[in-house]
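None of the values given here were measured: they were computed from a predicted structure. Atoms within each ligand, like the ligands themselves, are counted from 1 in listed order.
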Amino acid sequence: MYRTYTCGELRLSDAGKEVTLAGWVQRTRKMGGMTFVDLRDRYGITQLVFNEAIDAELFEQANHLGREYCIRVKGTVNERSNKNKNLPTGEIELVVSFLNVLSESVTPPFTIEDNTDGGDDLRMKYRYLDLRRSCVRKNLELRHRMTILIRNFLDAHNFIEVETPILIGSTPEGARDFVVPSRMNPGQFYALPQSPQTLKQLLMIAGFDRYFQIAKCFRDEDLRADRQPEFTQIDCEMSFVEQDDVINLFEDMARHLFKEIRGVELPAKLQQMTWAEAMRRFGSDKPDLRFGMEFIEAMDVLKGTGTFSVFDNAEYIGGICVPGCANYTRKQLDQLTDFVKKPQIGAKGLVYVKYDEDGTIKSSIDKFYAPEVFLKLKEKMGAKNGDLVLILSGDNANRTRVQLCSLRLEMGDRLGLRDKNKFECLWIIDFPLFEWSDEEQRLMSTHHPFTMPNPDDVSLLDEHPEKVRAKAYDFVCNGIEVGGGSLRIHDSKLQEKMFQVLGFTQEKAMAQFGFLINAFKYGAPPHAGLAFGLDRFVSIMAGLDSIRDCIAFPKNNSGRDVMLDAPSELDPKQLDELQLKIDLKKE
Ligand code: ASP
């Protein structure tokens, strides 16, 4: 037997036992005639002792152990005189009588400890060493637990797990596809699924009734901290359901996960907020409800006085009341102004009003307004003495609200109000069915083209498509979109109509989605579904800043796997087989 116990298992009650352990050398300390080694495996750390007085040769061997050597030891469990209360195994040590080096290690490029000295790139290049760190491993263990809980929950609710193909056809509606050349069909390409959307709908037509899959999805988009080119969705679809059936069931699933993983009870019923309300109150379709500072519109107080043209010309003037920050210094306010003017945010400037504790009022616009106006504003904003009011304005209401949202989140961060151990979940409903794309110069689906328009708005499809609401819903937690889905169209006529509104010719719609439109002609049941982003869900549960930390082998911000050095060029022979020639456009 390689080992009789793991390194996390032995306790005082095991004292006197002869045991065998195997693991990695975390640390060695020589103290006179004694050498102590911390032996680590997935389960924990056990202290080993080598005593010169007992076995000089073994002692000598131990002094040659380097960090990350993989070893096996036999010995006797002994009560420690110097107990370590922070370690579950801290009351015992193993007095070693036999040592076997299974595998030596060169010096690792960074320390294998929670507080490592390794930078991001180095840790990714040697991810297998990074994964030896317990803080990283724990995230993957949590991910595993969540996946098991999800599978069991869905199984108990009659869902069938079905694998859908990874090599499918390209449907360039939505994000960019990753494509794979086909050797057997020269000049033709598969695409990797952005999600199993159409396939799961076909499973409903096939009568599967309830489907799920822990599905790998691929999107060729620019990356951010919460995006990876490949990611995992908990992908689900159900037949014969209405919006609230889906919402209730998956709310129960979320409740179950929060309870089991974090011991947190979500409210018995989660709030459902319309998209329009979320935009108005928080400037976001994924509001962070862990803190207040809701937007308050101040058009009636500040617009139209003829004294300040910036506000007089604005389509939106609104602000937030930041509690207790009237003492912000010039420098801090300048920093905030720079913050909102950053290109990613794009505001033209920031107006502040400080309502000091002693009742004095100071503002960046005090020369434009009479003192009564600031008092009216104080009432409107619900400000108290000691508060700071921050105001943005602009000629496009929603764009300004989005800028104000960034400022609100920034203030939430500064005031420490975005507590990772607090969870505020809600559903956002009634999304607009379409949104205008500046890049494409046309309407695009907000969710995807299979989403059912709100029946009350269908008559607007031709004249005012931008006013049509979707039967779509997102699950939002702490300002992050964790999941989203919709009722689906199950009528081939309506589906064709949707493609028409999206600017598809009938030929193009049939070429790309004919399989689905045809399938709808064979008794398609009403159906709906949603998908949760597993990586995001795990990272919220684990309180991580980036989804990368809960992915075993993630890609960096340029979409590279630095460990595998992928993507890479193809061997000429492979290109030849594929009958492909590379002719890169020079920049
Ligand atoms: N397929 C959708 C997505 O990936 C989710 C859904 O509608 O079920 O966003």
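- Here's the thing with D235: none of its N/O atoms is less than 3.5 angstrom from an N/O atom of ligand 1.
- The distance criterion of under 3.5 Å between nitrogen or oxygen atoms is met by K200 with respect to ligand 1.
- A salt bridge does not link E297 to R280: none of the charged side-chain nitrogens sits closer than 4.0 Å to a carboxylate oxygen.
- A salt bridge between K471 and E242 is absent, with no side-chain N of the basic residue lying under 4.0 Å from a carboxylate O of the acidic one.
- Near L530, the atoms of ligand 1 lying under 4.0 angstrom from a non-hydrogen atom of the residue are 6 (C), 8 (O).
- By the criterion of a heavy-atom distance under 4.0 Å, the side chain of S195, and not its backbone, is placed next to ligand 1.
- Scanning all protein heavy atoms for the shortest distance to atom 2 (C) of ligand 1 gives Q197 OE1, 3.5 Å.
- Among protein heavy atoms, the minimum distance from atom 9 (O) of ligand 1 is reached at H447 CE1, 3.9 Å.
- Interface atoms of ligand 1 facing G485, defined by a heavy-atom separation under 4.0 Å, are 6 (C), 7 (O).
- The pair E265-K259 meets the salt-bridge criterion, since a charged nitrogen lies less than 4.0 angstrom from a carboxylate oxygen.
- Salt-bridge check for R127 with D130: passed, with a basic side-chain N closer than 4.0 Å to an acidic carboxylate O.
- Not one N or O of Q194 is nearer than 3.5 Å to an N or O of ligand 1, by distance alone.
- Checked for salt-bridge contact, D222 and R227 miss the test: no charged N lies under 4.0 Å from a carboxylate O.
- The existence of a salt bridge linking K493 and D491 is excluded, since no basic side-chain nitrogen approaches an acidic carboxylate oxygen closer than 4.0 Å.
- Atoms of ligand 1 lying under 4.0 Å from at least one heavy atom of A531, given by number and element, are 5 (C), 8 (O).
- By the 3.5 Å distance cut-off applied to N or O atoms, R219 is counted among the residues near ligand 1.
- Ranking protein heavy atoms by distance to atom 5 (C) of ligand 1, first place goes to G484 O, 3.5 Å.
- Taking the charged nitrogens against the carboxylate oxygens, E230 and K216 do have a contact shorter than 4.0 Å, which makes a salt bridge.
- Neither the backbone nor the side chain of Q201 has any atom closer than 4.0 Å to an atom of ligand 1 (non-hydrogen atoms only).
- Between D545 and the options R418, K420, R536, a salt bridge (charged side-chain N to carboxylate O under 4.0 Å, His left out) holds for only K420.
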